[in-house]
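On a predicted model such as this, the values are computed, not experimentally measured, just so you know. Values reported hereafter were calculated over all heavy atoms of this structure, with side chains retained and with hydrogens, waters and symmetry mates removed.
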Amino acid sequence: MIKSKVSELIGRTPLLELKVPDGSATVLLKMEQYNPTGTAKIRMARNMVDEAEAAGRLTPGGWLVESTSGNTGLGLALIAAERGYKFTAVVDNHSSTDKLRGMLAYGADILNVAGDEEGLATAERDTVAERLAAEHGAYWTAQHRNEGNPNGYRPLARELHDDLGDGIHYLYGAVGTGGSLCGTGRVLRERIPDLKIIGVEPVGSVVFGGKGAPYHQSGTGTPEGSEIGGVVDYDLFDEGVKVSDSEAFETCRYLARNFGVLIGGSAGGVVYKALERAQSAGPDATIVVLVCDGGDKYLDTVFNDDWMAEHGLHDEQVVHRLAAMLR
């Protein structure tokens, strides 16, 4: 079990069963926070670099550039450090401070394009990343349209099938770039034709239509005015559903305080929607939830009472619903 590179520790993350009332479906969390960097996106970061190297787009001593809200940047920063590449992360003020500090710890350069403006600036980030790469001969990984992104989750699908066989009835995941859910779901659907794949995005995101509005969940969804990436494969989805910030964050807080499970903000939203489905899916069904990162990067936001109050995100009705959906 001795490894020589940190990237060799990626994968084989555990499954955790939530305690739900009798008569509900089984709900299993795929705990991707146990990967290096604490996130699933290290899988696709490594794979995008692997594919670029194989195609000759990256050579020793090269320069990587990406537009990121944090977790992809963390993954690329680790891989760049391990392989001797320069990495520049183009970010806005939607990134958590801990994610930015993590990238800096790996030696990344941070370029914030948002100034004092709060919230997402996805389109501007992408424009700057593309220009930076073109001007300096760097490689822009362009996660939203890079097939190396979903391809990086093929091993995740194989892990689930190795552990659960054909006994997966629903697969739930957040939809940001679409890589984790589409990459995992595509491989699983080949093996389990009746698998239902449910995409979850924040209220205010426009991946599945509807009116755009600001939201606080990070690393997921697409704000109005930004391009929906080519990685999103609508043909794979059986449903696309929306979850509010309050539902997502109260779920994170409830799981932490009642079960000792610390997960990230967008993952809380996916768990909430999966728990809703568990009530009606029946006791013979199994729901797998892709938990893409842990909660340690959100201690100043989701798990901070003052921050939650400042943004009007506390909701006792959601807490009561959670108490009924969990035991």
Could you go through S266 and Q217, starting from their C-alpha distance and side-chain angles, then the distance that decides it, and tell me whether this counts as side-chain hydrogen bond (donor to acceptor under 3.5 Å, both in side chains)? CA-CA 5 Å; S266 64; Q217 296 170 65; 5.8 Å; no
Would you sort out whether V90 and T68 count as a side-chain contact (heavy atoms from CB on, under 4.5 Å), showing the intermediate values? CA-CA 6 Å; V90 183; T68 174; over 6 Å; no
Could you work out, with salt bridge (Lys or Arg N to Asp or Glu O under 4.0 Å) as the rule, every residue matching R131, not counting sequence neighbours? E135
Determine, step by step, whether L78 and V6 satisfy the side-chain contact (heavy atoms from CB on, under 4.5 Å) criterion, reporting the C-alpha distance in whole Å, the side-chain angles of both residues, the deciding distance to 0.1 Å, and the verdict. CA-CA 9 Å; L78 185 154; V6 173; 3.9 Å; yes
How close do [X] and [Y] get, heavy atom to heavy atom, and via which atoms?
X: A80; Y: L64; value: CB-CD1, 4.2 Å
X: N35; Y: A40; value: ND2-CA, 4.0 Å
X: D305; Y: R253; value: OD1-NH2, 2.6 Å
X: S246; Y: L313; value: OG-O, 2.9 Å
X: A174; Y: T220; value: CB-OG1, 3.6 Å
X: T72; Y: E66; value: CG2-CG, 4.2 Å

Does one hydrophobic cluster hold both [X] and [Y], with members joined at side-chain heavy-atom distances below 4.5 Å?
X: V113; Y: L132; answer: yes
X: Y139; Y: V231; answer: no
X: L164; Y: Y172; answer: no
X: V270; Y: Y34; answer: yes
X: V288; Y: I192; answer: yes

N/O donor-acceptor pairs under 3.5 Å from side chains in residues 274-281, not counting sequence neighbours:
unit_1: E276; atom_1: OE1; unit_2: K273; atom_2: NZ; d: 2.9
unit_1: R277; atom_1: NH1; unit_2: E239; atom_2: OE2; d: 3.4
unit_1: R277; atom_1: NH2; unit_2: E239; atom_2: OE1; d: 3.1
unit_1: R277; atom_1: NH2; unit_2: E239; atom_2: OE2; d: 2.7
unit_1: S280; atom_1: OG; unit_2: R277; atom_2: O; d: 3.3

Would you say the side chains of [X] and [Y] form a donor-acceptor pair under 3.5 Å?
X: N146; Y: Q143; value: no
X: D293; Y: Y298; value: yes
X: N93; Y: N112; value: yes
X: K242; Y: Y215; value: no

[X] versus [Y]: any side-chain heavy-atom pair under 4.5 Å?
X: V241; Y: E201; result: no
X: Y106; Y: L76; result: no
X: V175; Y: V200; result: no
X: E51; Y: N151; result: yes
X: D22; Y: P283; result: no
X: L160; Y: L15; result: yes
X: P21; Y: M325; result: no
X: I79; Y: F87; result: no

Count the heavy atoms belonging to other residues, nucleotides or ligands that lie under 6.0 Å from CZ of F303, then report whether that count exceeds 12. yes
Is it true that [X] and [Y] have a side-chain N and a carboxylate O under 4.0 angstrom from each other?
X: R12; Y: D163; result: yes
X: R321; Y: D315; result: no
X: D166; Y: R191; result: no
X: R43; Y: E32; result: yes

Just by modelled atom types, is the Q33 backbone N or O under 3.5 Å from a matching donor or acceptor in the T39 side chain? no
Using modelled atom types only, decide if a donor and an acceptor are shared between the side chain of S95 and the backbone of S69 within a distance under 3.5 Å. yes
Whether [X] and [Y] hold their rings parallel, tilted or perpendicular, with breakpoints at 30° and 60°:
X: F259; Y: Y254; value: tilted
X: F237; Y: Y234; value: perpendicular
X: W307; Y: F249; value: tilted
X: W63; Y: H136; value: tilted

Rounded distance (nearest 0.5 Å) linking atom [atom1] of [X] with atom [atom2] of [Y]:
X: D126; Y: S226; atom1: CG; atom2: OG; result: 7.5 Å
X: I168; Y: D194; atom1: CD1; atom2: CG; result: 13.0 Å
X: N71; Y: M103; atom1: CG; atom2: CE; result: 8.5 Å
X: D109; Y: K86; atom1: CG; atom2: NZ; result: 5.0 Å
X: L181; Y: R186; atom1: CG; atom2: CZ; result: 10.0 Å
X: L195; Y: L236; atom1: CG; atom2: CG; result: 9.5 Å

From CA spacing to verdict: side-chain contact (heavy atoms from CB on, under 4.5 Å), K30, V289: CA-CA 6 Å; K30 181 63 168 168; V289 180; over 6 Å; no
Reference residue L326; test side-chain contact (heavy atoms from CB on, under 4.5 Å); the match among N258, V271, L255: L255
Between R83 and D50, does a salt bridge (charged side-chain N to carboxylate O under 4.0 Å, His left out) hold up when you go through it step by step? CA-CA 11 Å; R83 302 190 187 183; D50 285 346; 2.8 Å; yes
With side-chain contact (heavy atoms from CB on, under 4.5 Å) as the test, would you mind laying out the steps for V20 and R327 before giving the verdict? CA-CA 5 Å; V20 297; R327 62 175 174 83; 5.7 Å; no
